[in-house]
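Taking it in order: structure first as structure tokens, then the write-up.
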Amino acid sequence: MISRAKKYVAVLLAFVCVCMIFSPQTAYAAEDSSQHETVKVGFFAMDGYHVMDEEGNRSGYGYDFLRLMARYWDVDYEYVGYDKSWDDMQQMLEDGEIDMVTSPRKTPEREEKFDFSRPIGTNNGILTVRSDNSTIVDGNYIQYLQRYACGIFEWKLRDKEFCGFCRQQRIYI
């Protein structure tokens, strides 16, 4: 004679089997990266922002930001134009050769051509003096800049703004 415990186990197993037969099954396909949208991103050389070593490994703030964004956006990036300039990137975006570029500054001229996301960070221009210079102190830059030489690294949009500020203050660079 079959023990009562064995009967309960047999009934329970039969119930589980019936439930499995009649319950809906969900099939999951393996993720296929070919189903992801591919976005061409302008990736121009900019120290600390877009960097690529001799072996093609990418790094930098802009690259890290794109990787973080990809976590929330089902997309694959195709990085384009490392040998190009920032001006080339803007032209490539306008011509449809790339889909997106990071780091643009919103200007009225660019707003006529491009759409912009909400701000994702800030960028500041700063004045740098030698640490042993005690004559130029915070808050009194203008009076000292009128007497000292001032230099800039590259001729970019921020530099043009700085030069305009200097002209208004009668500071010659």
* Hey, what's the ring geometry for Y63 with F43, parallel, tilted or perpendicular (30° and 60° as the breaks)? ->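 Y63 and F43: perpendicular rings.
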(message) Test side chain to side chain contact (heavy atoms under 4.5 Å, CB included) on Q91 and K84; report intermediate values, then the result.
(response) CA-CA 11 Å; Q91 190 61 51; K84 306 286 186 186; over 6 Å; no
### Task
Dump the intermediate steps for side chain to side chain contact (heavy atoms under 4.5 Å, CB included) on H50 and T102, then the final yes or no.
CA-CA 10 Å; H50 289 156; T102 61; 3.2 Å; yes
Show me the pairs that pass salt bridge (Lys or Arg N to Asp or Glu O under 4.0 Å) and involve residues 42-56, at least two apart or across chains.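 Counting only pairs at least two positions apart or across chains, no salt bridge (Lys or Arg N to Asp or Glu O under 4.0 Å) contact touches residues 42-56.
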Any residue meeting ring-ring contact (aromatic ring centres under 6.0 Å, His included) with F114, in chain and number order, not counting sequence neighbours: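 Once residues adjacent in sequence are excluded, F114 has no partner under the ring-ring contact (aromatic ring centres under 6.0 Å, His included) criterion.
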Discussion item. Can you list everything that forms a ring-ring contact (aromatic ring centres under 6.0 Å, His included) with F65? Sequence neighbours excluded, please.
Written reply: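 By the ring-ring contact (aromatic ring centres under 6.0 Å, His included) rule, F65 matches no residue at all.
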What's the spacing between R67 CZ and R71 CZ if we round to 0.5 Å?
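Reported to 0.5 Å precision, the distance equals 7.5 Å.
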Answer whether the closest heavy-atom distance between the side chains of [X] and [Y] falls below 4.5 Å.
X   : Y   : answer
M69 : Y77 : yes
M89 : M92 : yes
W73 : E37 : yes
Y82 : R58 : no

Q.
Quick check against the 3.5 Å criterion: does D99 have a side-chain atom that pairs as donor or acceptor with the backbone of K40?
A.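 Yes.
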Check your understanding: Where is the tightest heavy-atom contact between L93 and M100, given as atom of each residue plus distance?
Key ->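 Looking at all heavy atoms of both residues, the closest pair is CD1-N, 3.8 Å.
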What's the shortest heavy-atom distance between F44 and V101, and which atoms?
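Between these two residues, the closest heavy atoms are CE2-CG2, 3.8 Å.
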Notebook entry, point to check: Just wondering, are more than 12 heavy atoms of other shown residues or ligands nearer than 6.0 Å to CG in D115?
Noted result: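 No - once you tally the heavy atoms of other residues, nucleotides and ligands closer than 6.0 Å, there are 12 at most.
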Could you go through R110 and F116, starting from their C-alpha distance and side-chain angles, then the distance that decides it, and tell me whether this counts as side chain to side chain contact (heavy atoms under 4.5 Å, CB included)?
CA-CA 9 Å; R110 289 182 186 150; F116 289 83; 3.6 Å; yes
Passing candidate, side chain to side chain contact (heavy atoms under 4.5 Å, CB included) with V39, options I98, D76, V75: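 Of I98, D76, V75, side chain to side chain contact (heavy atoms under 4.5 Å, CB included) with V39 is met by V75 alone.
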